[in-house]
Amino acid sequence: MITASAPGKVYLFGEHAVVYGEPAVPCAIERRATVTVEERSDGRLRVHAEDLSLDGFTVEYSGDGETPDVDVSPDLVEAAIGYVDAAVTQARDAADASDVGFDITVDSEIPLGAGLGSSAAVVVAGIDAATRELGVELSVEEIAERAYRAEYEVQEGQASRADTFCSATGGAVRVEGDDCRSIDAPDLPFVIGFDGGAGNTGRLVAGVRDLRERYPFAADTVSTIGDLVRQGERTLTEATGSDPNAVPDVVEELGTLMDFNHGLLSALGVSSRSLDRMVWAARDAGAHGAKLTGAGGGGCIVALDPTDETETALRFTPGCEAGFRAALDTEGVCVE
Ligand code: PMV
């Protein structure tokens, strides 16, 4: 039996613009999905999931299309099982063991579909645990590649490499097209607000595409996001190896850029009343900056605040279901 875990992520900057070839900077956060895998000899899969913002469920099936008989929303179960299945397919392929079955337990601290990369973390940890259980140790790069293929398959081609690469490597990452690399970043004091909902990524991406095609100034807005991401990268680079006492200035500048990024995402129509309310609650509480993270429309915001003020303010903000601290996680996928 092997247990592996992998982190979720926030976008420090650049979501949506990354779809048009601009760079983006996702950062892994200290909220992890943990997957335990044990081989079974009968070729069947048994999946037990807890804390997936679902009620938790257990299903046992042979993977031949039979519908699991469980007591939670079929859509949610189907989505969760789709990712676990795709991870199992990748692990079987990597270990050249197409008939092997598993008992799988998933335990995640990352809300589902809320812009925090929950599915990527489950897939990354699942591939690592299942291959190790079969005696195969993949490199972090190979886990990232196979996790991307799994997400690509489940999301019918609508997957970027950002979530899976970031979850596999941990830390801060720079993504531009298919080019993903780790970058240095100081310890960033992330605080997250969650409105309990989720946006429809496909619809939100299509909305931005439509605006961009219709108005040159919307296209300019997308490339301006690229400009601020490049500025953010310079700020992070300057912070690396510098006097640790200079970090507050770095956090302040990153916060300013996050505020700017949120304004541009709002202009592109991907924020929402609850996201805006949480962003303003964070700013009013003294956060250095705040923005939505991920596709938008609902889900999570991320703020930078080394004090407890933002977390407290979010807890009292109407429409905010959870406010929590989740510092930059430099540890990617690992065995527990
Ligand atoms: O909500 P998430 O974490 O899946 O992020 C979506 C990010 C987008 O840039 C809007 C889409 C994408 O695939 O990059």
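All ligand and atom numbering here is 1-based and tracks the order in the structure.
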Less than 6.0 angstrom from the centroid, inside 45 degrees of the normal: does R212 satisfy that with respect to the ring of Y20? yes
Any nitrogen or oxygen of A295 lying under 3.5 Å from a nitrogen or oxygen in ligand 1? Just yes or no. yes
Does a sphere of radius 6.0 Å around CZ in R40 hold more than 12 heavy atoms from other residues, nucleotides or ligands, not counting ones at 6.0 Å or beyond? yes
Over 12 non-hydrogen atoms of neighbours within 6.0 angstrom of CG in D42: yes
Return the closest protein heavy atom for atom 4 (O) of ligand 1 as residue, atom name and distance. D163 OD2, 4.1 Å
Does H16 reach ligand 1 with a nitrogen or oxygen that is under 3.5 Å from one of the ligand's nitrogen or oxygen atoms? yes
Go through the side-chain N and O atoms of D276 and S271 and say whether any donor and acceptor fall under 3.5 Å apart. yes
Going by the 4.0 angstrom heavy-atom rule, the piece of L204 near ligand 1 is neither
Under 3.5 Å: N/O of T201 near N/O of ligand 1: no
Are more than 12 heavy atoms, taken from residues, nucleotides or ligands other than D179, located less than 6.0 Å from that residue's CG atom? yes
Less than 4.5 Å apart, any side-chain heavy atom of F190 and any of C27? yes
Closer than 4.0 angstrom: is that true for some heavy atom of G115 and an atom of ligand 1? yes
Linked, directly or transitively: I143 and I110 (ILVMFWY side chains, under 4.5 Å): no
Which of the atoms of ligand 1 are close to V18, meaning less than 4.0 Å from one of its heavy atoms? 9 (O), 14 (O)
Looking only at protein heavy atoms, what sits closest to atom 13 (O) of ligand 1 is S160 CB, 3.6 Å
What protein heavy atom sits nearest atom 11 (C) of ligand 1, and how far away is it? V19 CG2, 4.0 Å
For ligand 1, which atoms sit closer than 4.0 Å to a heavy atom of E15? 9 (O)
At what distance is the nearest protein heavy atom to atom 3 (O) of ligand 1, and which residue and atom is it? K9 NZ, 2.8 Å
Do R31's NZ or CZ and the ring of F324 fall within the cation-pi criteria of under 6.0 Å and 45°? yes
